[in-house]
Structure formats: structure tokens, C-alpha cells
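What you see is a predicted model; the values in this text were computed from it and never measured.
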Amino acid sequence: MKATGIVRRIDDLGRVVIPKEIRRTMRIREGDPLEIFTDKDGELIFKKYSPIGELGDFAGQLCDSLRRSTDAIAAVCDRDAVIAIAGGGRRELLEKPISRQLGEILEERALYRHSGGSGVAVSEADDRFVVSVAAPVISEGDVMGGVLFVAPKEAPASGEIEYKLAQTVAAFLGKQMES
């Protein structure tokens, strides 16, 4: 664990303020859920909670099915990182932070289709893969992540099938999370 040198006091209601620099670095936004862990050494650990991350195995199976159906690279991400991928780019993208542009696309709550140009990188860590199609996963009114079709940078744009599949699977995941 990395020490920051920042010390905060707990107020009379038991609250502690997480400094803005740490929230920005860790991409913690107002309203984000945090899990709290303790260990035997008396340490408290705050971890961002990802409701869609709880569906990691299921998301992996969905990506495999999408890959077999379309022969395209399929991925599922939460609001911070790629949590499942099938069809290539696994080493480069799995568990890597999503790009700022992809995060903005998902927050717009609309389907996205790459229409030409350089494209939107999937991850800040590797710009060799771009988003062909992105559909936000919305549960109880909140954007939880997205269903993506990914392509190498210079590949042709995805077709109508990928667009409709991403839309359908994203709606399905959103409903799964509500129940």
C-alpha cells in the first residue's frame, strides 16, 4: 500500500473526506459506491465497488457468445476498466482503465458507432484498439458500464449486426443488475 502523507480527521458524524487529488487519480466521483475492508493489522481499505464487476464471469460468457456470433472483438467494461473481453486484445485491454473519451461516450447514454477518422481508444494504456460500437449499460437510471465491439485502429467500422447486438446485450445486462 502506498502512503500519501495526507491525514484527515473523522468528524462527529463519522465521516472522512477523501482528498480531491486522490478522488481524481482514482476516478472516484460523487455518488460512487465504495467497499470498506479491514485487515488484522487494523488497516481500513476503501475499494471502488463495481456492480457490473460482480457479473464478471457472466460478462465473459456474453463476450464469448458475441465473438462467436460476429467474429468481432467483444468487451464489457464498467465505468473504469475493461472487465471481460473475447476475440483478441485480451492482454492489452483486460483490467486496463478505459479512456476518458470512452467514459464520456458512455455517460452520454446513447449508442455510439465509429464512423471514420482515428477513432476513440478503448484504453489509455494502449491506443492500438478503438471502439467500433459502444452501448451503455444503464441500471436504475445510472450508467454502470458498457458493451463494446472493439477493432484494431485501421479496421473497417462495424456493421448493423454489431450495433443491434451491443444495444440488446447492454439492455439485458442493465435488467440483470436491477433484479
Side-chain angles (χ1 to χ4, degrees), residues 1-64 74-86 89-110 112 120-131 134-148 150 166 169-179:
M1 195 175 325
K2 189 169 124 183
T4 63
I6 301 171
V7 176
R8 293 286 193 247
R9 295 201 181 276
I10 296 176
D11 72 7
D12 58 341
L13 296 175
R15 298 176 295 199
V16 63
V17 174
I18 299 171
K20 187 175 187 175
E21 309 84 50
I22 293 174
R23 292 193 318 264
R24 187 179 318 118
T25 302
M26 301 302 296
R27 292 178 145 183
I28 298 172
R29 295 173 282 274
E30 183 180 331
D32 281 354
L34 298 175
E35 282 184 284
I36 303 170
F37 298 92
T38 60
D39 71 2
K40 62 182 181 222
D41 297 330
E43 293 179 320
L44 288 175
I45 301 162
F46 289 86
K47 182 181 176 191
K48 285 183 70 173
Y49 176 71
S50 170
I52 202 167
E54 298 291 318
L55 300 174
D57 292 337
F58 183 61
Q61 292 171 355
L62 280 172
C63 288
D64 287 338
V76 174
C77 68
D78 63 13
R79 292 175 59 196
D80 297 307
V82 176
I83 63 166
I85 189 165
R90 186 174 189 84
R91 186 172 1 119
E92 295 87 354
L93 299 175
L94 187 63
E95 297 180 358
K96 300 292 191 292
I98 63 171
S99 68
R100 182 183 52 76
Q101 297 94 337
L102 176 54
E104 290 170 359
I105 287 169
L106 296 175
E107 289 298 326
E108 288 175 8
R109 300 169 177 261
Y112 167 85
V120 173
V122 175
S123 174
E124 302 283 354
D126 193 320
D127 66 349
R128 292 178 288 173
F129 294 93
V130 295
V131 178
V137 175
I138 299 172
S139 179
E140 297 179 358
D142 294 326
V143 174
M144 299 295 176
V147 175
L148 314 173
V150 178
V169 171
F172 176 74
L173 279 174
K175 291 293 183 197
Q176 281 293 118
M177 292 175 61
E178 288 177 359
S179 55

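- Side chain of Ser123 to main chain of Lys96: no donor-acceptor pair is present (N/O by atom type, distance under 3.5 Å, no hydrogens or angles).
- Pairing each heavy atom of Ile85 with each of Ala75, the nearest pair is CG1-CB, 4.0 Å.
- The CG atom of Asp32 sits 10.5 Å away from atom CZ of Arg23, with the distance rounded to the nearest 0.5 Å.
- Across Ala84 and Cys63, no two heavy atoms sit closer than the pair O-SG, 3.8 Å.
- For the atom pair OG1 of Thr38 and CD of Glu43, the computed distance is 10.0 Å after rounding to the nearest 0.5 Å.
- To the nearest 0.5 Å, atom CZ of residue Phe172 and atom CG of residue Leu62 are 6.5 Å apart.
- A salt bridge links Arg79 and Glu107; the closest N-O separation between the charged side-chain nitrogens and carboxylate oxygens is under 4.0 Å.
- Judged by distance alone, with hydrogens and angles left aside, the side-chain atoms of Glu124 form a donor-acceptor pair with the main-chain N or O of Arg100 at under 3.5 Å.
- Of the residues Leu102, Val76, Ile98, the one that meets the side-chain contact (heavy atoms from CB on, under 4.5 Å) test with Leu148 is Leu102.
- Residue Val137 forms a side-chain contact (heavy atoms from CB on, under 4.5 Å) with just one option from Asp142, Leu173, Leu106, Val169, and that option is Leu173.
- Ala170 and Pro136 get closest at one heavy-atom pair: CB-O, 3.4 Å.
- Atom CE of Met177 has more than 12 heavy atoms from other residues, nucleotides or ligands within 6.0 Å.
- Side-chain contact between Val150 and Leu93 is present, with at least one heavy-atom pair separated by less than 4.5 Å.
- Qualifying salt bridge (charged side-chain N to carboxylate O under 4.0 Å, His left out) partners for Arg15, counting only residues two or more places apart in sequence or in other chains: Asp11.
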Val122/Cys77 under side-chain contact (heavy atoms from CB on, under 4.5 Å): CA gap, chis, key distance, verdict: CA-CA 10 Å; Val122 175; Cys77 68; over 6 Å; no
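- Heavy-atom minimum distance, Ala121 versus Ser99: O-OG, 2.5 Å.
- With sequence neighbours excluded, the residues that form a salt bridge (charged side-chain N to carboxylate O under 4.0 Å, His left out) with Asp126 are Arg128.
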Trace of the side-chain contact (heavy atoms from CB on, under 4.5 Å) decision for Tyr112 with Val120: CA-CA 10 Å; Tyr112 167 85; Val120 173; 3.5 Å; yes
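- Expressed to the nearest 0.5 Å, how far OG1 of Thr25 lies from CZ of Arg27 amounts to 11.0 Å.
- Here the side chain of Arg8 pairs no donor or acceptor atom with the backbone of Ile18 at under 3.5 angstrom.
- Within the 3.5 Å criterion, the main-chain N or O of Glu140 finds a donor-acceptor partner in the side chain of Glu178.
- A side-chain donor-acceptor contact under 3.5 Å links Asp78 to the backbone of Asp80.
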